[in-house]
Amino acid sequence: MNVAEWIDLSGKVAHVTGGGNGIGTGIVRALAAAGAKVAVSDVDFAGATAMATEVGGHAIKLDVSDREAVDAALQETVDVLGSLDIMVNNAGVYLEYGGPVETITDEMWRTLWSINVDGVFYCCRKAAEIMRAAGNGGRIINIASTQAMTPGVGVTYDGSKAAVNMITKTLALELAPDGINVNALAPGPTWVRGGEAPPLTGEVPPATGEPLADTVAARISRLPIGRWGDPIDIGKAALFLASPMSDFVTGIYLPADGGWLVL
Ligand SMILES: NC(=O)c1ccc[n+]([C@@H]2O[C@H](COP(=O)([O-])OP(=O)(O)OC[C@H]3O[C@@H](n4cnc5c(N)ncnc54)[C@H](O)[C@@H]3O)[C@@H](O)[C@H]2O)c1
């Protein structure tokens, strides 16, 4: 038994949306370190380019809420890198669309859902089409959140992540006969601002326009593992779901959350 082969992604091609910053960078790094060629897409093309350059991958400018652009970006992945074996739907937005329900405008609701839900659907649909046609199976990993299971960021975001979870289960059932495993990965609070070490207690310095900053500080103080997640923590869990380690795993909701959902 060669355990190293269980996480070997040599010869595989992955596409990570929102791969230019935050959690996406941890996922890109983990998959590339395991041998995958990685297409890194993002609305932030400079971020995507920096990550793709770091791992020897391919950068694509993509807004996942644009259906035609999604179709083109996934086809570009096949055309440039040779196939599409692992699709990671990570792009998402949150804090700026939160707040008390009566303050959430139609535009806030529709904008977040167009990215967090429509974007995941568009990427799943095109990835399934490509993977089914190729006939080699595949992996689809949808980045949900602990907020798919427990409220926290507000109705707009929490609802969107619950939708992502059920989209995942439904597609796991539909695509299993084609050897395509579909799973949701749920990060807990993960420090994505870079720079200094993340705070463990007290006030989190609010960035402009982040209405839930003090709530975030309260959350961290109740994490059983006692620290923020790092993007590479989520990358390691994504590697599990992308690799032969999880050949018999489909339709799950995998928290990588420092124990957040235990309480
Ligand atoms: N950080 C956390 O604590 C946390 C917890 C649970 C779930 N998540 C989820 O993890 C994913 C990544 O979040 P993050 O914390 O790294 O955020 P982030 O803001 O650091 O990174 C998100 C990336 O997505 C990109 N993006 C935004 N809108 C896009 C669009 N329309 N099309 C393509 N790319 C777009 C951004 O440019 C950015 O590079 C999201 O789905 C988020 O909901 C994050």
Side-chain angles (χ1 to χ4, degrees), residues 15-29 39-52 59-70 72-74 87-98 110-123 141-154 156-165 167-168 184-195 198 204 207 209-210 212-213 215-217 219-220 223 227-235 237-238 253-258 260-261:
H15 182 124
V16 181
T17 68
N21 298 283
I23 285 172
T25 63
I27 297 172
V28 169
R29 287 182 174 125
V40 185
S41 69
D42 207 297
V43 281
D44 172 12
F45 189 57
T49 301
M51 273 313 300
I60 301 174
K61 182 168 175 58
L62 174 64
D63 177 350
V64 295
S65 69
D66 179 339
R67 175 179 52 81
E68 290 181 0
V70 167
L74 271 55
M87 183 72 218
V88 185
N89 297 316
N90 164 74
V93 291
Y94 43 110
L95 285 178
E96 60 270 42
Y97 300 94
R110 299 225 175 279
T111 301
L112 183 140
W113 277 64
S114 74
I115 298 168
N116 289 15
V117 182
D118 295 2
V120 168
F121 169 66
Y122 295 153
C123 290
I141 302 166
N142 294 325
I143 304 303
S145 169
T146 47
Q147 265 64 65
M149 291 293 170
T150 183
V153 177
T156 322
Y157 180 80
D158 300 352
S160 78
K161 291 301 184 177
V164 166
N165 192 30
I167 289 168
T168 301
L185 172 54
T190 304
W191 187 257
V192 293
R193 295 183 196 173
V204 176
E210 288 189 0
L212 298 180
T215 309
V216 172
R219 289 173 172 206
I220 297 310
L223 264 174
R227 67 170 175 85
W228 292 77
D230 183 274
I232 200 63
D233 291 318
I234 312 306
Y253 169 89
L254 174 64
D257 68 346
W260 174 259
L261 287 175

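Both counts, for ligands and for their atoms, begin at 1 and track the order of listing.
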Proximal ligand 1 atoms for [X], defined as those under 4.0 Å from one of its heavy atoms:
X	value
I115	31 (N)
G18	23 (C), 24 (O), 25 (C), 39 (O)
G22	16 (O), 20 (O)
V192	1 (N), 15 (O), 16 (O), 20 (O)

[X] side-chain N/O to [Y] backbone N/O, donor-acceptor pair under 3.5 Å:
X	Y	answer
T190	P187	no
D233	D230	yes
D257	W260	yes
T49	F45	yes
N165	A144	no
K61	A46	no
Y253	S145	yes

- prompt: Among V28, T17, I27, whose side-chain contact (heavy atoms from CB on, under 4.5 Å) with V40 holds?
  reply: V28
For [atom], grab the closest protein heavy atom and report residue, atom and distance to one decimal in Å.
atom	value
atom 14 (P) of ligand 1	Y94 OH, 3.6 Å
atom 8 (N) of ligand 1	Y157 OH, 3.6 Å
atom 31 (N) of ligand 1	D63 OD1, 2.9 Å
atom 4 (C) of ligand 1	I23 CD1, 3.7 Å
atom 12 (C) of ligand 1	N90 OD1, 3.2 Å
atom 3 (O) of ligand 1	T190 N, 2.8 Å
atom 33 (C) of ligand 1	L62 O, 3.1 Å
atom 22 (C) of ligand 1	G92 O, 4.0 Å

query: Of the choices T25, D44, N21, D42, which has the non-hydrogen atom that lies closest to atom 37 (O) of ligand 1?
result: D42
- line: Restricting to heavy atoms, the pick from P189, G188, A256, G119 nearest atom 5 (C) of ligand 1 would be G188
Sub-4.0 Å heavy-atom approach of [X] to ligand 1:
X	value
K161	yes
I143	yes
A144	yes

- request: Report the C-alpha distance between W113 and T156 in whole Å, list the side-chain angles of each, state the deciding distance to 0.1 Å, and finish with yes or no for side-chain contact (heavy atoms from CB on, under 4.5 Å).
  value: CA-CA 8 Å; W113 277 64; T156 322; 4.0 Å; yes
message: For the CD1 atom of I60 and the OG atom of S41, what is their distance to the nearest 0.5 Å?
response: 6.0 Å
query: In Å and rounded to the nearest 0.5 Å, what is the CD1 to CG distance from I141 to N89?
result: 9.0 Å
message: Within the protein, is there a heavy atom lying under 4.0 Å from atom 17 (O) of ligand 1?
response: yes
message: V64 versus ligand 1: do any nitrogen or oxygen atoms come within less than 3.5 Å of each other?
response: yes
message: Side chains of N142 and T168: any donor to acceptor distance under 3.5 Å?
response: yes
